[in-house]
Amino acid sequence: MTDWIMIAITAIYVIATIAIWASNNKSAKATEKQVLLLHEQLEQYKQNEKNEAIKRQLLIGSIKLRRSTQSRTASDYKKYLAENDITLTEEEVFNLCIELHAEEKMVLINSSLDKDIKKWEFGKVAIKNANE
């Protein structure tokens, strides 16, 4: 009789151990998913911060290019950024200029938009006086 009780207790112990093991596996997988999600969010945050820093450089570049009476196309901004150790493609620079335009921090200088976007020029929006 005691043998059967020991067998029953051992069986319960084995089943409980397997249940704990399965639960721990589920928990580990859920934790892994959370870590991956946090990593993706951190990378996105870093990219956004980098883009914001580049946008600030573009706004500074707009002022410098205006002072030197150069054109202000995406190609010109790309050259300016390269002088400041920022390497982007012309398309990436153009897209950032469009984002700044959407944020109303840059304007399209051309009164009529040329079909060739490489000729589009962007300038910094003048800051309005708070007393106006």
Side-chain angles (χ1 to χ4, degrees):
M1 181 76 171
T2 23
D3 290 340
W4 287 108
I5 293 173
M6 289 303 290
I7 291 172
I9 291 172
T10 303
I12 292 170
Y13 176 75
V14 168
I15 292 169
T17 302
I18 291 171
I20 292 169
W21 173 79
S23 179
N24 283 341
N25 278 346
K26 287 180 183 177
S27 177
K29 287 179 184 177
T31 302
E32 182 181 14
K33 285 181 183 178
Q34 286 179 328
V35 168
L36 290 174
L37 180 63
L38 287 173
H39 180 70
E40 288 174 14
Q41 289 174 342
L42 178 62
E43 290 303 315
Q44 182 65 39
Y45 175 78
K46 286 179 181 178
Q47 185 62 41
N48 289 343
E49 287 296 310
K50 179 182 173 187
N51 283 348
E52 289 302 315
I54 293 170
K55 286 179 184 179
R56 285 190 293 276
Q57 281 294 328
L58 284 171
L59 293 173
I60 293 168
S62 176
I63 295 167
K64 290 184 176 185
L65 290 173
R66 182 181 65 208
R67 287 183 183 157
S68 65
T69 65
Q70 294 177 350
S71 65
R72 291 178 269 179
T73 62
S75 176
D76 298 315
Y77 284 112
K78 178 184 173 201
K79 290 174 191 168
Y80 169 77
L81 291 174
E83 292 170 3
N84 290 282
D85 298 324
I86 300 172
T87 307
L88 295 175
T89 66
E90 192 170 324
E91 183 179 344
E92 290 170 324
V93 173
F94 180 80
N95 289 337
L96 287 171
C97 288
I98 291 293
E99 285 181 30
L100 285 167
H101 178 63
E103 295 170 10
E104 298 182 356
K105 294 179 182 175
M106 279 188 130
V107 293
L108 282 166
I109 295 174
N110 303 47
S111 56
S112 62
L113 297 178
D114 196 312
K115 288 183 180 181
D116 182 7
I117 63 172
K118 291 183 178 186
K119 295 181 182 177
W120 289 13
E121 293 189 32
F122 295 89
K124 186 176 181 319
V125 172
I127 299 173
K128 294 180 181 178
N129 188 344
N131 297 328
E132 292 181 19

Listing, residues 8-37 side-chain donor-acceptor contacts under 3.5 Å, not counting sequence neighbours, or none:
unit_1: Thr10; atom_1: OG1; unit_2: Met6; atom_2: O; d: 2.7
unit_1: Thr17; atom_1: OG1; unit_2: Tyr13; atom_2: O; d: 2.8
unit_1: Thr31; atom_1: OG1; unit_2: Ser27; atom_2: O; d: 2.9

Listing, residues 38-45 side-chain donor-acceptor contacts under 3.5 Å, not counting sequence neighbours, or none:
unit_1: Gln44; atom_1: NE2; unit_2: Asn48; atom_2: OD1; d: 3.1

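Residue pairs meeting the salt bridge (Lys or Arg N to Asp or Glu O under 4.0 Å) criterion with at least one member in residues 47-62, sequence neighbours excluded: Glu52-Lys55, Lys55-Glu99, Lys55-Glu103. Applying the side-chain hydrogen bond (donor to acceptor under 3.5 Å, both in side chains) test to every pair with at least one member in residues 84-94, sequence neighbours left out, gives these pairs: Thr89-Glu92.
Glu83 is linked by a side-chain hydrogen bond (donor to acceptor under 3.5 Å, both in side chains) to nothing, counting only residues two or more places apart in sequence or in another chain.
Smallest separation of non-hydrogen atoms from Ala74 and Val93: O-CG1, 3.6 Å.
Here the CG atom belonging to Leu88 is positioned 8.0 Å from the CG atom belonging to Asn51, to the nearest 0.5 angstrom. Atom CD in Gln57 sits 4.5 Å away from atom OH in Tyr80 (nearest 0.5 Å). One distance of note links CG of Leu59 with OH of Tyr77; it measures 8.0 Å at 0.5 Å rounding. The line from OG of Ser62 to CD of Glu121 is 10.5 Å long, rounded to the nearest 0.5 Å.
Close placement of the Phe94 and Phe122 rings is indicated, their centers lying within 6.0 Å of each other.
Hydrophobic clustering, defined by side-chain heavy atoms of Ile, Leu, Val, Met, Phe, Trp and Tyr closer than 4.5 Å, groups Ile7 together with Trp4.
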